[in-house]
Amino acid sequence: MAVLMDSTLPTRRRPLGTLIGIAVIIAASVIGYFLFPNNLALLTRIVATMLLVLSIDLVTGYCGVATLGHAALFGAGAYGAGIVSAHFGITEPLTMTLIGAVAGALAGLVSGIVILRAHGLPQLVLSIAVVHLFHEVANKASSWTGGSDGLSGITTDALLGLFEFDLWGRTAYIYGIVLLLIVFVSLRILVQSPFGMLARGVREDPVRVAAMGASVHSVMLRMYVISGAVAGVGGALNAISTQVVGLDSLSFTLSAEALVMLVLGGTGSLYGAMVGTVSFMWFEDVVSAANPFHWLTIVGALLIVVVLFAPKGLYGSAAAFLSRRRGGER
Amino acid sequence: MQTVLSIAIDALAYGMVLFVISIGLSVTMGLMRVVNLAHGAFAMIGGYLASYATRDLGLGYAPAILIAVVATAIIAVPIERLLYRRIYGAPELTQVLMTIGITFCVIGLANYAFGPTLKTIPLPETLSGSIDLGFRAIATHRIFAIVCGLIVAGGLWFLIERTAFGIRLRAAVDNAPMAAALGVRTQLVYAVSFAVAVGLAAFGGIVGAELLPVEPYYALRYMVTFLVAVSIGGAGSIPGALIACLLLGAIDTTGRYLAPEYGEFFFYLAVIVIVTLFPRGLAGRFK
Amino acid sequence: MKKFLATAIATLALSVSAQAATIKVGVVGPFSGPFALQGKNFKAGIDAYMAVNGAKVGDNDVEIIYRDVPQADPAQSKALAQELIVKEGVQYLAGFYFTPDAMAATPILQQGNVPMVVMNAATSAIVTKSPYVVRTSFTTWQTSTPIAQVAKDAGVDKVITVVSDYGPGVDAENAFKAGFEKAGGKVVEAIRMPLSTNDFSPIMQRIKDSGAGAVFAFLPSGPTTLGFVKAYNQNGLKTAGIKIFAPGDLTQESDLPALGESAAGMQTTFHYAVSHDSPENKAFVEAASKAIGNPAELSFPAVGAYDGMHVIYKMIEATGGKQDAKKAVDAVKGLSWTSPRGPVSIDAESRHITQNIYLREVTKGAEGKYFNKEIKTFERQGDPGLAAAK
Amino acid sequence: MSLFEAKKLRKNFGGLAVTNDVSLSLAAGDRLALIGPNGAGKTTFVNLVTGHIKPDGGSIALAGEDITGVKAMQRVRRGLVRSFQVTRLFADMTPQEHVALAILQRDGKASRMFGRHDAMRPVVEEVGEILHLLGLSELAHLKVREIAYGQQRLLEIALAMALRPKVLLLDEPAAGVPQSETARIERALDMLPPDLAVLMIEHDMDLVFRFAKRVMVLAAGTVIFDGSPQDVTQDVAVREAYLGSYANAGSAA
């Protein structure tokens, strides 16, 4: 029986994919750096939002959990990093980022416990309720969070004691890109790991996963915690680079916008999340600078066009198109 | 005791306004299974048209309502044919993306066409005063809204449960291919239901305008409230939506009376508790 | 090679000095979204000022660059302010409708060598965040304090306060309470309600049950004020003789057509009414109405922007178009002029505007349109909020 | 010793006893077929065994331990595995990934957040063996949505095997498979480990006769027959139960 079968099994998708991804991210960031040297603040914001969108993709794209409340996790990270700096004098950026990740993970645990109690529309509504609760708590705890005035007074040491976070935002940008690369590689490892496979299984058929003896709920909850850490890093990056945290970072609006970006790019793939964020925010920036008064209509039209002509999202549809072109090669 | 009665009557009125607007959404989401985030946008169009008809064209309240509701439904028909038809049966997230896009467009266009200010729909003499209930005064239009809510609930129930159209609709929803094989023109049924749902949205937008004022951001501002109401009621269920709206109205009103500073907090906490206890809605018909 | 470099640098220097003839002012405000109307008023005020006074200061052209922050979003505001400074090379930052947006941009002023002229954001503390901040609008403390005296003078001893539960609302509550208790009155209850409140009936019931003789209210101008005022009427508070006192946000001119009859007779205190009777204001209203298109949309942020531009023009004059934030700010300390709203001056210490606060009553005009009619003036009011914070 | 033992299982829906004191025991190597007309309560019985519904009475033991109150997921981990009547597979994943996931889950490694399954040599080898055994090697890298239904049924069996159960519950393994392909399913069933206890729910009597060494008949929630396949067709009660419900079918056996 013990035939040497493994040699006949061609292995697919070697780490090459990850390497290409890293190369693309680095190339894009270098191009961004030189093409828009005066726009680094915006680029940093895009990176921070990208982390939030990646984090949504982990639960929505990989586990099939619909959420309109993910900003709760992002905001927890931002406030976590901001509060330790403004109130406890912990101003070392790496520590702040780490604290942001932990705060995000905790928020992920809490919202996961709540949100995973239902499915479909009720689940969506639970996620909305959660983000509103977080928002209310932050508004009430104004002695800690600054309430609606925003948390100001966040200071940050030079990164590694060498690089100041300055007006031009170079340090913040490069730090953001490094964080993004670390997160990207970690997530690539995660989604290709047995756990990642299990999560995809949960998305496709939770009953089957349970019949294999795995706990669907615990898979999703763990993913929520991981997703919280990722969003928390994004929030912390935002707090470090802008030195202020507002209630908007815990808002339903941000949650919805981030979900739109994800669907725009295509769910269930890390690239889709990143492509969606860049396209949406870049488009929004261009259109709103060109016409600050009526850009919303144009963004709305873009969304409709995408659904009509690229129903799997920009990246998803492009990938599907390419693989169809290549035929049954894979 | 007076206070309790007073809160109860406020809760009833608010719940009914919520019901008139949300029931259309419940129909689209429950029967046609479309996550229609643009529902508020249609309510808003109704409000704008009614405001335009009364203030600029000088029409009376009743004809303005009629015209606005019909016109909104007419506007909705091409939108259904061109856009919604593509997303029936599509994944929920795709529907979210499309309907948010529609909402953005409607907001932008309303802002462009009517300007960013508040629009009011002047009430006729008979509805604009207050009625003294003995223990307190209540605005007449609130009584009007309560009556409208009851009529809508009854009418819809009759339409869906007791008419030939209702039978076709339920058949098309339960099993579209089978219904088609039996000679039901499902596309037409969908189009009509959509128009009815949109018409109800417009009606709710107008009747509720005293509470939820008409302005360009209406469509997004109240979207969550409508979604919550539908979800708690269980999409597609008329009694469910009615109970849910009254319940939410009660929670909201009581919360605002007893602890306004935590109003929002308790409201969403209650939502979490209810959804956890009834994950399929109070009377979920599907799914 | 060396020669090439030298030419390159010379060209660069030339182009820089050539550009210096155009002075850019970056304006951050809500130009889309639920508060687009207020952003529109910013633009109208700025356009009006430049239409009246020309787009040139000395030899320098003035160019305005707008950036949109639809809702309070400090991170976005800061990113845009940063972009305006480093990319667009603006010498002045202005606008800022929301307090958090203004606060967020203050840390970069010193490094960017840029003064900030706040045209709306109304929390007292903003001016303390950086020595380069000048404010030409008002503070909630400033507009809410005088109404306390009005209430007391009207013979009311017990008042209940109702405010939206966010920064400015809390400011208004504190300001009124401080003023009213100083005048010998008593605040019997203080209600803070969520910003998202739609149905105000339960709140009205609370007001009735509190036994207070009047209510002090603060809500941000916009859709919710309509519901509030209507609920006040329909729940019989008006007929029961419970008076309402509020700062002018509640009856801003652009909301009056919608409020209509239900707001008639409401008394509010504010720094500006479109109806203010002075030649300066006539000129302003004419220019601003032209700029905004629909005169009915004209409201208080326009005057903040108009005076903000006045301050910026003075700063440009003082610095001769060179970028020198300290000199620019120093130049306007103590500056006084006659604004459309009346005589104003920039307090040298706080850099906040000292101005008259007017008591106004919503009155039906000759053509059946409602307007805020000024009936009393509280002269030269500073910002009590800063003092309270100390 | 019996590996699996259900004692007097009872389930009522409303006032109706859908499962009425059903007892059943399986020893290692058993091949038991559970048959019965439509509405006999087979589905309810399956759900009781897998733990998806709670019994109103009776007990279940696995390898001598009482598992009546144990959750469905835990039962799987203890070695009580089921297949589905209608395939439940991950449409966008490959057979290789399916089997690998089952193996990893069985070995408690499915929660590992690093490493790739196709780089874990023992896993790859075992996946290869199982897929080869069932003749699915060629399809290893296609998405499940791209392969034929009959082959999906084989993959269901492959998943069950990969979990190395002590007791296997096969819910109509040949349902929906064209006649021409049932032979492959049968061959696959023959390859199940000899010491495994198998309980098969099945309609197809040919398959039952070829596979089962013992047959139980369930009718109206009650066991009406327990014996050898040879005897079942002769049993009066069974004939009545089937002929009674399929008045016009006439092909009970």
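By convention in this document, chain letters (A, B, ...) are assigned in the order of the sequence lines, proteins followed by strands, and residues within each chain are numbered from 1. The model shown is predicted, which means the values in this text are computed figures rather than measured ones. Hydrogens, waters and symmetry mates are skipped; everything else that's a heavy atom, side chains included, is used.
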Hey, is Arg88(D) close enough to Glu204(A) for a salt bridge, meaning N to O under 4.0 Å? no
Flag yes if more than 12 heavy atoms outside Lys312(A) fall under 6.0 Å of its NZ atom; otherwise flag no. no
Kindly give the heavy-atom pair with the smallest separation between Gly201(A) and Phe90(D), and that separation in Å. O-CE2, 3.3 Å
Please check: side-chain N/O of Arg116(D) versus main-chain N/O of Gln192(A), any donor-acceptor pairing under 3.5 Å? no
Interatomic distance, CG@Leu159(D) vs CE@Met212(A), rounded to 0.5 Å, equals 4.5 Å
With heavy-atom distances below 4.5 Å as the criterion, would you say the side chains of Phe84(D) and Val207(A) are in contact? yes
Please check if the side chain of Ser111(D) supplies one atom and the backbone of Phe195(A) the other of a donor-acceptor pair under 3.5 Å. no
Tell me the closest heavy-atom pair linking Met120(D) and Pro194(A), and the distance in Å. CE-CG, 3.7 Å
Is chain A contacted by the side chain of Ala72(D), its backbone, both, or neither, given a heavy-atom distance below 4.5 Å? neither
Decide if atom NZ of Lys213(D) counts as having more than 12 heavy atoms of other residues, nucleotides or ligands within a radius under 6.0 Å. yes
Quick one: pull up CE in Met113(D) and CZ in Arg222(A) and give me the separation to the nearest 0.5 Å. 5.5 Å
Rounded to the nearest 0.5 Å, the CG atom of Asp92(D) sits from the CG atom of Asp205(A) at a distance of 12.5 Å
OG/Ser215(A) to CD/Gln74(D) distance, rounded to the nearest 0.5 angstrom? 9.0 Å
What part of Ala214(A) is in contact with chain D, defined as an atom under 4.5 angstrom from a non-hydrogen atom: side chain, backbone, both or neither? both
Spatial distance of atom CE (Met93(D)) from atom CE (Met197(A)) [nearest 0.5 Å]: 5.5 Å
Residues Met73(D), His217(A); criterion side-chain contact (heavy atoms from CB on, under 4.5 Å); working and verdict: CA-CA 11 Å; Met73(D) 184 183 81; His217(A) 187 263; over 6 Å; no
Output the distance between atom CD (Gln105(D)) and atom CG (Leu198(A)), rounded to the nearest 0.5 Å. 6.0 Å
At a heavy-atom distance under 4.5 Å, which candidate from Glu126(D), His117(D), His52(D) has the highest pair count against chain A? His117(D)
Around atom NE2 of His119(A), are there more than 12 heavy atoms from other residues, nucleotides or ligands closer than 6.0 Å? no
Please look at Val219(A) and chain D and tell me whether the side chain, the backbone, both or neither of the residue comes under 4.5 angstrom of a heavy atom of that chain. neither
How would you list, in number order, the residues of residues 161-174 of chain D that have a heavy atom less than 4.5 Å from chain A? Leu163(D)
Is the count of non-hydrogen atoms from other residues, nucleotides or ligands lying under 6.0 Å from Arg77(D) atom CZ greater than 12? yes
